[in-house]
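If you're wondering where the values come from, they're calculated on a predicted model, not measured in any experiment.
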Amino acid sequence: MISRIDLRGAAFPEGGIDRDLLPRAELDVEAALEKVRPICDDVRHRGTAALIDYAHRFDGVTIERVRVPAEALKSALAELDPAVRAALEESIRRARLVHRDQRRADHTTQVVPGGTVTERWVPVERVGLYVPGGRSVYPSSVVMNVVPAQEAGVASMAVASPPQAEFGGLPHPTILAACALLGVDEVYAAGGAQAVAMFAYGTEDCRPVSMVTGPGNIWVAAAKRLLKGRIGIDAEAGPTEIAILADATADPVHVAADLISQAEHDPLAASVLVTDSEELAAAVEKELEVQVGATKHVADRIGPALAGRQSGIVLVDGLEQGLAVVDAYAAEHLEIQTEDAAAVAARVRNAGAIFVGAYAPVSLGDYAAGSNHVLPTGGCACHSSGLSVQSFLRGIHVVDYTRDALAEIAGHVVTLAEAEDLPAHGAAVKARFDWKVPPSK
């Protein structure tokens, strides 16, 4: 059901781990680029008509308009299961607590008397938030996208999610209800690359945005790569992944359940256990057989995900090797199920989010820990962060110098300009002093 990779003894490479030795899903975004390019160009030129055509072609639904009517949002919230509403409201409350503390304050540094540099934090003006809607429904992704944007002070936001034949060509009603709960009234029934193109270029119904965030499939990732520059993006999200660093103290029931929980997303989802305990590895393998047999989505998701090349049990000689492996892997979600888990977690360098101990499963972070679940995948956690308030803010330096403050540094500015063979740069300073530049101190 799940393969093993034995890195113990001489098999452990000297000088560091080669990431190619570790399990990873294949995701050829470059190959997808040429397939999404004509779709994006079509949306650019035909707007809403193209979106309607692609809804029929890709989603199997006939729709007359792309923007979701206000009454559909209101109705979705009114008909939402009270228990689901209560869970969403608590998820929103906790997310706001965490993301509100991420706000940045403007800061002014006095460089010299009369010379200051202020860093102002300004929110992106308008954003497009993508919420997947393929194999599963993700109202939690509405929360994870909207809350940090709102806490950052974004003035205008729109949500796009694929149209569903089961619901008359509208996005799933739970997604609509989550939007209504959060006060988002601009929602579009559009999915895939065409939704990203709608945000980037605008249509008759949707004004262009400055930034697009949110997870999606390979076509969404390819469209983000194609249109990056015209729009800002959070990341090119790939298949979800979990890595668990565990020792002999871990409960195999917990470990197996958590591996299965991520495999449930997609047949390309990655579930990786890194351990120095062969006894735990064997117990987890047995437990996987038991738990998979008692769950849902086995044939189309969990089975292929666990058996795929992207999943596996990695055996190492000890904790130090285990830490080296998980840092090289740079997982989207990393669980630490070891003795003194908090101390071990503090040593991890590369992970999208870290879940400490037996009672912080990834599922908690997916819904209600208060953290964000839009996280870097495919090893990108070694250089990128998850979605946060900071994702929606831009730092702007405001430079304010008096005449005397400029005069004090003018000679150095002119010298450096001439060293770079940019005399006009120096002349711009000289012009303020009748071409007489006092020597810099």
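For the ring pair (Phe, Tyr, Trp, His ring centres under 6.0 Å) test, no residue two or more places apart in sequence or in another chain qualifies with Y201. Under the rule for a ring pair (Phe, Tyr, Trp, His ring centres under 6.0 Å), H254 has no partner lying at least two apart in sequence or in another chain. Take D400 and apply the side-chain contact (heavy atoms from CB on, under 4.5 Å) test, not counting sequence neighbours, and it matches T116. With sequence neighbours excluded, the residues that form a salt bridge (charged side-chain N to carboxylate O under 4.0 Å, His left out) with R100 are E151. Checked against salt bridge (charged side-chain N to carboxylate O under 4.0 Å, His left out), R85 has the following partners two or more places apart in sequence or in another chain: E89. By the salt bridge (charged side-chain N to carboxylate O under 4.0 Å, His left out) test, R301 pairs with no residue at all, sequence neighbours left out.
L387 and H99 get closest at one heavy-atom pair: O-NE2, 4.3 Å. Across all their heavy atoms, V154 and P123 have their closest contact at N-CB, 4.0 Å.
S141 and H373 share a donor-acceptor pair across their side chains, judged by distance under 3.5 Å alone.
Side chain of S384 to main chain of A381: no donor-acceptor pair is present (N/O by atom type, distance under 3.5 Å, no hydrogens or angles). Formation of a donor-acceptor pair under 3.5 Å by the E204 side chain with backbone atoms of T48 is found in this model. Listed for the Q164 side chain is a donor-acceptor partner under 3.5 Å among the backbone atoms of G133. At distances below 3.5 Å, not a single donor-acceptor pair connects side-chain atoms of N350 with backbone N or O atoms of A330. Of the possible donor and acceptor atoms, one in the side chain of S271 sits under 3.5 Å from a partner among the backbone N and O of L259. Under a 3.5 Å cut-off, the side chain of R24 and the backbone N or O of Y329 do form a donor-acceptor pair.
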For residues 69-81, please give each side-chain donor-acceptor pair under 3.5 Å, one per line with the distance, not counting sequence neighbours.
residue : atom : partner : partner atom : Å
S75     : OG   : E79     : OE2          : 3.0
D81     : OD1  : A83     : N            : 2.7

Using distance only, find each side-chain donor-acceptor pair of residues 212-219 under 3.5 Å and give its atom names and separation, not counting sequence neighbours.
residue : atom : partner : partner atom : Å
T213    : OG1  : N145    : OD1          : 2.7
N217    : OD1  : W219    : N            : 3.0
N217    : OD1  : V220    : N            : 3.0

All N/O donor-acceptor pairs, side-chain side in residues 175-186, below 3.5 Å, sequence neighbours left out:
residue : atom : partner : partner atom : Å
E186    : OE1  : R126    : NH1          : 3.1
E186    : OE2  : R126    : NH2          : 2.7
E186    : OE2  : Y188    : OH           : 2.7

Please tabulate, for side-chain N and O atoms in residues 290-300, each donor-acceptor pair with protein atoms closer than 3.5 Å (sequence neighbours left out).
residue : atom : partner : partner atom : Å
Q291    : OE1  : A257    : N            : 3.4
Q291    : NE2  : V253    : O            : 3.1
Q291    : NE2  : E287    : OE2          : 3.1

When you look at D205 and T203, which way does the side chain to side chain donor-acceptor pair (under 3.5 Å) test go after all the steps?
CA-CA 5 Å; D205 302 314; T203 65; 4.7 Å; no
CA sep, side-chain torsions, deciding dist, call: S161, H172, side chain to side chain donor-acceptor pair (under 3.5 Å)
CA-CA 8 Å; S161 192; H172 195 284; over 6 Å; no
Would you sort out whether E285 and M1 count as a side-chain contact (heavy atoms from CB on, under 4.5 Å), showing the intermediate values?
CA-CA 8 Å; E285 288 170 335; M1 177 173 290; over 6 Å; no
Begin with the C-alpha distance, continue with both residues' side-chain angles, and end with the deciding distance and a verdict on side-chain contact (heavy atoms from CB on, under 4.5 Å) for R96 and I92.
CA-CA 6 Å; R96 286 208 190 283; I92 292 166; 3.9 Å; yes
E289 vs K286, test: salt bridge (charged side-chain N to carboxylate O under 4.0 Å, His left out). Steps then yes/no.
CA-CA 5 Å; E289 296 284 352; K286 290 181 180 178; over 6 Å; no
Set out, in order, the CA-CA distance, both residues' side-chain angles and the distance that settles side-chain contact (heavy atoms from CB on, under 4.5 Å) for C380 and H383, then state yes or no.
CA-CA 6 Å; C380 292; H383 56 71; 3.8 Å; yes
Apply the test side-chain contact (heavy atoms from CB on, under 4.5 Å) to residues L97 and D101: give CA-CA distance (whole Å), side-chain angles for both, the deciding distance (0.1 Å), then the verdict.
CA-CA 7 Å; L97 286 174; D101 280 348; over 6 Å; no
In sequence, state the C-alpha distance, the side-chain angles, and the governing distance for S156 and E125, and then conclude on side chain to side chain donor-acceptor pair (under 3.5 Å).
CA-CA 6 Å; S156 175; E125 183 178 349; over 6 Å; no
Worked check of salt bridge (charged side-chain N to carboxylate O under 4.0 Å, His left out) between D234 and K224:
CA-CA 9 Å; D234 54 343; K224 282 183 172 182; 2.7 Å; yes
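Within a 6.0 Å sphere centred on CD of E90, other residues, nucleotides and ligands contribute more than 12 heavy atoms. In the displayed structure, R309 atom CZ is contacted under 6.0 Å by at most 12 heavy atoms of other residues, nucleotides or ligands. The environment of E166 atom CD is sparse: at most 12 non-hydrogen atoms of other residues, nucleotides or ligands sit within 6.0 angstrom. Other residues, nucleotides and ligands contribute more than 12 heavy atoms inside 6.0 Å of the CZ atom of R103.
A ring-ring contact (aromatic ring centres under 6.0 Å, His included) check over residues 39-67, counting only residues at least two apart or in different chains, returns the pairs Y54-F58. Sorted by first and then second residue, the salt bridge (charged side-chain N to carboxylate O under 4.0 Å, His left out) pairs with a member in residues 264-281 read R4-E278, R8-E278, R135-D266; sequence neighbours excluded.
For the atom pair CG of D106 and CD of E119, the computed distance is 8.5 Å after rounding to the nearest 0.5 Å.
Both tests do not hold together for R230 against F199: distance to the six-membered ring centre under 6.0 Å, angle to the ring axis within 45°.
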